[in-house]
Every structure is written in structure tokens, then in C-alpha cells.
Amino acid sequence: MTLRLAAALAMVVGVVGLLGFLHLLGKGPFASFEQRHLRAMKDRLDAPARVTPVTTADFAALPHRRPVAEYSALEAHGVSMEGYVQHVVPSIDGDIHLEIVPLPPHAEGYQPYYVTAEITPQWRRGSRTWRFEPLIATFRPPRSGRTAWDGGPKRVRISGWQLYDYQYDNTPSSRFPRLTGWEIHPVTRIEIWDEPRAAYVEYAR
């Protein structure tokens, strides 16, 4: 009897945990319209037909804490951002988070406030290069396990869809230096600055 009760309890806990996880992903039966919209935007599989160059200031100026109807049109825009990846973070949902800053750490005028770009599992599937370890070696971020790389962090240009992740739209601080809830998500193209060519070169998938 005790074993049956324990098995039943374990099953209930598992179901509740699964529903909770799906809810966080915006896929559960109790997910709100905002959560389902966010999930649909994160799961896009096509690349933007064209992208507009943007800066961290452009991202900070986008609307905040507004209804979906007021910001969804902005999520139809493809954007590209130049800068440096100061941190690469794997996420529990399979995304790889990139923290993009305009200047490399230790440069004069550097600030830690970053814009998030996320590489989703759909865009990494089948790739040998769009994975955590190769990305670390390519970006050379100073906050992802190593503090010194020959030549310092790489200058990059990250392109993809503009997306508003309202869950993370908080006032940035020194403790939580994420600039805004607006992201590049999913990332659809990565380019690395090639000094001899004086041009960006695509980092192939």
C-alpha cells in the first residue's frame, strides 16, 4: 500500500512539474495569450528577408510594458547589432544566451549593460559550430570561464528577429545589467570581424 501511495504521489508530482515547465515555456493548457504569442515568436524558423542595423540605445527606446497589440508589429522586424559578446549562457530550455555590449570589457567607456540575443535549438540543430563550446572559442567572451584570450574578445555582428520578452523587462542595475526585455531572438546569422579583410565574415552554421 505504501509503495502504491508513493508511486501515485510521484506521478502527481511529475505531472504538476511537467505542467509547470510547459506553462513557463508558454505551451501549457493554462498559458496566457501573451505567453503563447511569446512562444510563437521564439520558435520562428525563417530568417528575416532584410535586417536593420540597431544599437543598444535603439533597443532601450522601444516600448515597454505595453499590450501585445501595441508591440507585436515591431517583432516583424529583422535587426542586426554590432558589438562584443561579454558572456555566453546555456539555458534550461536549450537556448544559448549571448550578452552583447557595444565595447569590450576593460575598454575606456565600457558599461556592463547588455542586450540579449538567443540562439534557439531549432537554429542549432545539426550544426557543429552553433554550439556552446565552439561559440565560446569564437567569441572569446571574458565572462564565460576564461578571462584572457589572445587579442581579446571578437567583434561580432548578430542578426535575427526583434522580440519582446516582457518577463525580463526590468530596470537595469549594476547587479542585473540586462538593458531591456527586447532581444534578438531567434538569432539567424552570426558574423565575425576579420581584421585583415576589414569586413565581417559569416560564421557558418
Side-chain angles (χ1 to χ4, degrees), residues 23-27 31-89 91 93-105 107 109-124 130 135 139 141 143 153 155-191 193 200:
H23 183 74
L24 289 174
L25 293 180
K27 294 182 177 181
S32 67
F33 171 71
E34 290 79 9
Q35 289 172 316
R36 292 181 183 278
H37 170 79
L38 180 61
R39 173 49 51 191
M41 295 298 96
K42 289 181 175 182
D43 287 345
R44 285 179 280 193
L45 297 175
D46 57 325
R50 65 185 186 89
V51 297
T52 301
V54 293
T55 65
T56 52
D58 292 328
F59 263 63
L62 290 167
H64 303 271
R65 299 180 179 87
R66 307 304 303 161
V68 174
E70 294 186 23
Y71 65 76
S72 59
L74 296 172
E75 295 178 312
H77 295 176
V79 294
S80 67
M81 179 174 288
E82 296 186 35
Y84 299 82
V85 177
Q86 70 173 2
H87 201 182
V88 179
V89 185
S91 174
D93 62 3
D95 291 351
I96 295 178
H97 296 221
L98 312 178
E99 297 181 1
I100 306 174
V101 291
L103 298 171
Y110 163 77
Q111 295 289 333
Y113 304 107
Y114 64 87
V115 168
T116 294
E118 298 198 26
I119 305 172
T120 62
Q122 295 92 328
W123 283 88
R124 294 191 295 108
W130 284 36
L135 289 170
F139 295 142
R143 296 187 177 181
R155 180 179 167 190
V156 301
R157 182 162 63 194
I158 306 295
S159 302
W161 291 104
Q162 194 164 256
L163 175 143
Y164 182 49
D165 196 339
Y166 59 88
Q167 303 170 100
Y168 298 100
D169 202 13
N170 301 309
T171 301
S173 66
S174 58
R175 185 177 178 186
F176 300 106
R178 177 172 174 148
L179 184 65
T180 175
W182 285 94
E183 306 174 345
I184 300 176
H185 191 159
V187 171
T188 60
R189 190 179 189 190
I190 298 172
E191 297 168 279
W193 180 257
Y200 281 104

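All values below were derived from every heavy atom in this structure, side-chain atoms included, with hydrogens, water molecules and symmetry-related copies excluded.
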Colleague: Using the ring-ring contact (aromatic ring centres under 6.0 Å, His included) criterion, which residues pair with Tyr71? Sequence neighbours excluded.
Modeller: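 Listed in chain order: Tyr164.
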
Colleague: Would you say His185 and Thr120 make side-chain contact, with heavy atoms under 4.5 Å?
Modeller: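 In short, these two side chains touch, coming nearer than 4.5 Å.
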
Colleague: Just one of Val115, Asp58, Thr55 clears the side-chain contact (heavy atoms from CB on, under 4.5 Å) bar with Met81, so which one?
Modeller: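 Of the listed residues Val115, Asp58, Thr55, the side-chain contact (heavy atoms from CB on, under 4.5 Å) partner of Met81 is Val115.
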
Colleague: Which distance, rounded to the nearest 0.5 Å, do you find between the OG of Ser72 and the CD of Glu34?
Modeller: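 Between Ser72 OG and Glu34 CD, I get 11.0 Å after rounding to 0.5 Å.
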
Colleague: Donor-acceptor pair, Glu70 side chain versus Pro67 backbone, under 3.5 Å?
Modeller: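 No, the answer is negative, given that no donor and acceptor are paired below the 3.5 Å cut-off.
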
Colleague: Tell me every residue that passes side chain to side chain contact (heavy atoms under 4.5 Å, CB included) with Val51, counting only those two or more places apart in sequence or in another chain.
Modeller: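 For Val51 the side chain to side chain contact (heavy atoms under 4.5 Å, CB included) partners, ignoring immediate neighbours, are Pro48, Ser80, Ser159.
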
Colleague: For Pro104, give me all partners under side chain to side chain contact (heavy atoms under 4.5 Å, CB included), at least two apart in sequence or on another chain.
Modeller: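 So Pro104 forms a side chain to side chain contact (heavy atoms under 4.5 Å, CB included) with Tyr84, Ala107, Pro153.
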
Colleague: Using modelled atom types only, decide if a donor and an acceptor are shared between the side chain of Asp95 and the backbone of His97 within a distance under 3.5 Å.
Modeller: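 Such a contact is absent between Asp95 side chain and His97 backbone.
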
Colleague: So, do Thr116 and Tyr168 sit near enough that their side-chain heavy atoms are less than 4.5 Å apart?
Modeller: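 Result no, sub-4.5 Å side-chain heavy-atom pair not found.
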
Colleague: Using atom types as modelled and distance alone, determine if a side-chain donor or acceptor of Arg36 lies under 3.5 Å from a backbone N or O of Phe33.
Modeller: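 A pair under 3.5 Å: no.
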
Colleague: Report the C-alpha separation of His87 and Tyr114 in whole Å, then their side-chain angles, then the decisive distance to 0.1 Å, and conclude whether the side chain to side chain contact (heavy atoms under 4.5 Å, CB included) test is met.
Modeller: CA-CA 10 Å; His87 201 182; Tyr114 64 87; over 6 Å; no

Colleague: Hey, what do you get for OH (Tyr200) to CD (Glu191), rounding to the nearest 0.5 Å?
Modeller: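 Answer for the OH-CD pair, Tyr200 versus Glu191, is 8.0 Å.
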
Colleague: Could you state the interatomic distance from CZ (Arg189) to CZ (Arg157), rounded to the nearest 0.5 Å?
Modeller: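 It comes to 7.0 Å.
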
Colleague: For the side chain of Gln162 and the backbone of Val79, is there at least one donor-acceptor N/O pair under 3.5 Å apart?
Modeller: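 No, because the side chain of Gln162 does not come within donor-acceptor range (under 3.5 Å) of the backbone of Val79.
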
Colleague: Starting at CD1 of Ile158, measure out to CD1 of Ile100 and round the result to the nearest 0.5 Å.
Modeller: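 Taking CD1 in Ile158 and CD1 in Ile100, the distance rounds to 5.0 Å.
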
Colleague: Run the numbers on Trp123 and Thr188 for side chain to side chain contact (heavy atoms under 4.5 Å, CB included), then give the verdict.
Modeller: CA-CA 7 Å; Trp123 283 88; Thr188 60; 3.4 Å; yes

Colleague: If the condition is side-chain hydrogen bond (donor to acceptor under 3.5 Å, both in side chains), which residues does His77 pass it with, not counting sequence neighbours?
Modeller: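 Testing His77 for side-chain hydrogen bond (donor to acceptor under 3.5 Å, both in side chains), a comparison that skips the adjacent residues, returns none.
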
Colleague: Could you measure the distance from the CZ atom of Arg124 to the CD atom of Gln122? Nearest 0.5 Å is fine.
Modeller: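 Rounded to the nearest 0.5 Å, the CZ-CD separation comes to 9.5 Å.
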
Colleague: Please name the pair of heavy atoms, one in Leu179 and one in Ala60, separated by the smallest distance, quoted to 0.1 Å.
Modeller: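 Of all heavy-atom pairs spanning Leu179 and Ala60, the closest is CD2-CB, 4.1 Å.
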
Colleague: Just wondering, do Leu135 and Val85 contact through their side chains at under 4.5 Å, heavy atoms?
Modeller: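 SC-SC contact between Val85 and Leu135 ruled out.
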
Colleague: Determine, step by step, whether Thr56 and Gln111 satisfy the side chain to side chain contact (heavy atoms under 4.5 Å, CB included) criterion, reporting the C-alpha distance in whole Å, the side-chain angles of both residues, the deciding distance to 0.1 Å, and the verdict.
Modeller: CA-CA 11 Å; Thr56 52; Gln111 295 289 333; over 6 Å; no

Colleague: Is the backbone N or O of Pro112 less than 3.5 Å from a side-chain atom of Gln86, with the two atoms forming a donor-acceptor pair by type?
Modeller: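 Checking the backbone N and O of Pro112 against the side chain of Gln86, a donor-acceptor pair under 3.5 Å is found.
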
Colleague: Do Ile190 and Phe139 touch side chain to side chain, with heavy atoms closer than 4.5 Å?
Modeller: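 SC-SC contact between Ile190 and Phe139 confirmed.
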
Colleague: Not counting sequence neighbours, list each pair that qualifies as a salt bridge (Lys or Arg N to Asp or Glu O under 4.0 Å) and has a residue in residues 176-187.
Modeller: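 As it turns out, the salt bridge (Lys or Arg N to Asp or Glu O under 4.0 Å) pairs with a partner in residues 176-187, which skip direct neighbours, are Arg178-Glu183.
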
Colleague: Go through it in stages, so that I can follow the logic: the residues are Asp46 and Trp161, the test is side chain to side chain contact (heavy atoms under 4.5 Å, CB included), and I'd like the CA-CA distance, side-chain angles, deciding distance and then a yes or no.
Modeller: CA-CA 9 Å; Asp46 57 325; Trp161 291 104; 3.8 Å; yes

Colleague: Report the distance from atom CH2 of Trp182 to atom CG of Leu74, rounding to the nearest 0.5 Å.
Modeller: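 With rounding to 0.5 Å, CH2 (Trp182) is 4.5 Å from CG (Leu74).
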
Colleague: Closest heavy-atom contact between Tyr113 and Val101?
Modeller: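 Where Tyr113 meets Val101 most closely, the heavy atoms are O-CG1, 3.7 Å.
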
Colleague: Do Leu163 and Glu118 have side chains that approach each other closer than 4.5 Å (heavy atoms only, starting at C-beta)?
Modeller: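 They are not in side-chain contact.
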
Colleague: For residues 159-175, which residue pairs qualify under salt bridge (Lys or Arg N to Asp or Glu O under 4.0 Å), counting only residues two or more places apart or in two chains?
Modeller: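 Pairs touching residues 159-175 that pass the test: Lys42-Asp165.
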
